[in-house]
Amino acid sequence: MRRTIFVGNWKMNMLISSSEKLVQELICASDFVGNFDIIVAPSFTSLSAVRTLLKGSRVQLAGQNMSSKAEGARTGEVSAAMLQDAGCDYVILGHSESRQYNSESDKLISKKVLLASEITLNVILCIGESFDEYNAVKTKEVLERQLLGCLEGVSEEKLINLSIAYEPIWAIGTGQTANPDQVQDVHYFLRSWCEKSYGKKMASGIRILYGGSVDSQCSSSLMLQPDIDGLLVGGASLKSKSFYDIINSSFETGD
Ligand code: PGA
């Protein structure tokens, strides 16, 4: 049984004081009962303050990115071990904004996946197609290429800490959520790809998240799909109420 996962990606938003306020509200609101994970990914500078507040709560911490080197002369970068040291259980890798603005390639991302997996830092690997690729019906081709590149050299036993987040670039921050049936079709494709590449056990265990303009209006129809195991939420995770509403409505059955 795959454990449902909700991730709030705060991106480059909020100073330490507002991060603390948000996480305090979340902890108060997160008296949820249920078998699922809640993760927040604040900026690097807020990690320590947020970690202190999260102690004893069910909310876990993620880094938004990390270096492709384990340590040493990489001014301005943060290593996998540093994230773990700062209390992170997860790291988001391959986000389309990191690919676009920092020119991150699949090859570079694969080095990060390897480093994170070596210290059992859980990886949320983001993949997704552009609007042009979507219109040209190239989604699956693009995703397969990204998976092959990002997982190159990663052995099967290291994949135990991996989740995949399907985030169509055209849906991120645009208010244009992908159609749940289409997302299901893509997630089914991704799970089948995992089965073909790594076997049934890995494919049935891996969590595949959707991200891109998720709000409480669309979360339940997305989460009703059998191959959508969780949500990666950007804008709507910046307010405790909207993040909380997304989590709550995800369990509505529509009956
Ligand atoms: P969004 O961002 O929910 O604001 O579209 C999602 C993401 O980039 O992870």
Side-chain angles (χ1 to χ4, degrees), residues 4-14 18-19 22 26 36-44 46-47 50 59-66 83 88-104 109 112-113 116 122-131 133-134 139 142-143 146-147 150 162-180 182-183 186-187 190 207-223 225 228-250:
T4 303
I5 172 171
F6 299 98
V7 186
N9 175 12
W10 297 358
K11 307 194 180 184
M12 198 171 69
N13 292 296
M14 290 190 297
S18 33
S19 303
L22 175 57
L26 260 184
F36 56 88
D37 295 326
I38 311 174
I39 291 124
V40 292
S43 64
F44 293 140
S46 290
L47 281 175
V50 171
V59 183
Q60 292 174 287
L61 204 55
Q64 294 180 16
N65 202 349
M66 55 172 249
L83 286 182
C88 292
D89 297 295
Y90 288 82
V91 62
I92 298 170
L93 294 179
H95 192 282
S96 63
E97 287 150 15
S98 310
R99 292 173 187 262
Q100 185 183 349
Y101 302 122
N102 308 338
S103 310
E104 290 197 7
I109 296 161
K112 300 185 183 201
V113 174
N122 296 296
V123 170
I124 299 163
L125 173 65
C126 301
I127 54 175
E129 82 284 7
S130 68
F131 191 56
E133 289 161 341
Y134 172 75
T139 299
V142 170
L143 299 179
Q146 290 176 337
L147 279 179
C150 294
L162 181 80
S163 303
I164 296 171
Y166 168 53
E167 294 208 308
I169 298 169
W170 49 270
I172 296 177
T174 58
Q176 214 187 326
T177 319
N179 173 296
Q182 278 175 15
V183 178
V186 171
H187 281 216
L190 294 173
R207 296 189 290 186
I208 307 180
L209 293 73
Y210 167 79
S213 297
V214 172
D215 60 19
S216 58
Q217 304 298 310
C218 63
S219 55
S220 92
S221 47
L222 285 163
M223 290 303 293
Q225 305 294 333
I228 303 182
D229 305 313
L231 301 168
L232 177 50
V233 186
S237 71
L238 295 175
K239 292 216 160 62
S240 57
K241 168 132 181 36
S242 47
F243 194 45
Y244 183 85
D245 285 348
I246 286 172
I247 297 175
N248 262 335
S249 52
S250 291

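In listed order, ligands and their atoms are each counted from 1. For reference, positions follow the sequence shown, starting with 1. Computed from heavy atoms alone, side chains included, the values below leave out hydrogens, waters and symmetry copies.
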Please work out which of the three classes, parallel, tilted or perpendicular, describes the rings of Y134 and W170, given edges at 30° and 60°. tilted
Where does the angle between the aromatic ring planes of H187 and Y166 fall among parallel (under 30°), tilted (30 to 60°) and perpendicular (over 60°)? perpendicular
Which of the atoms in ligand 1, numbered in the order shown and given with their element, are less than 4.0 Å from a heavy-atom of H95? 7 (C), 8 (O), 9 (O)
Enumerate the atoms of ligand 1 whose separation from the nearest heavy atom of N9 is less than 4.0 angstrom. 9 (O)
Does S213 come within less than 4.0 Å of ligand 1, judged by its heavy atoms? yes
Within the structure, is a non-hydrogen atom of G212 found at a distance of less than 4.0 Å from ligand 1? yes
Check: S219/S249 side-chain N/O donor and acceptor closer than 3.5 Å: yes
Would you tell me whether N65 and E104 have side-chain atoms, one donor and one acceptor, within less than 3.5 Å of each other? yes
Using heavy-atom distances, let me know which of G234, S237, G173, A41 sits nearest atom 6 (C) of ligand 1. G234
Candidate with minimal heavy-atom separation from atom 4 (O) of ligand 1, of G235, P168, A236: G235
Beyond-backbone contact of L231 with I5, side-chain heavy atoms, under 4.5 angstrom: no
Test side-chain contact (heavy atoms from CB on, under 4.5 Å) on V233 and F6 and set out the steps. CA-CA 8 Å; V233 186; F6 299 98; 5.8 Å; no
Side chain, backbone, both or neither: I172 near ligand 1, heavy atoms under 4.0 Å: both
Is any N or O atom of E167, backbone or side chain, closer than 3.5 Å to an N or O atom of ligand 1? yes
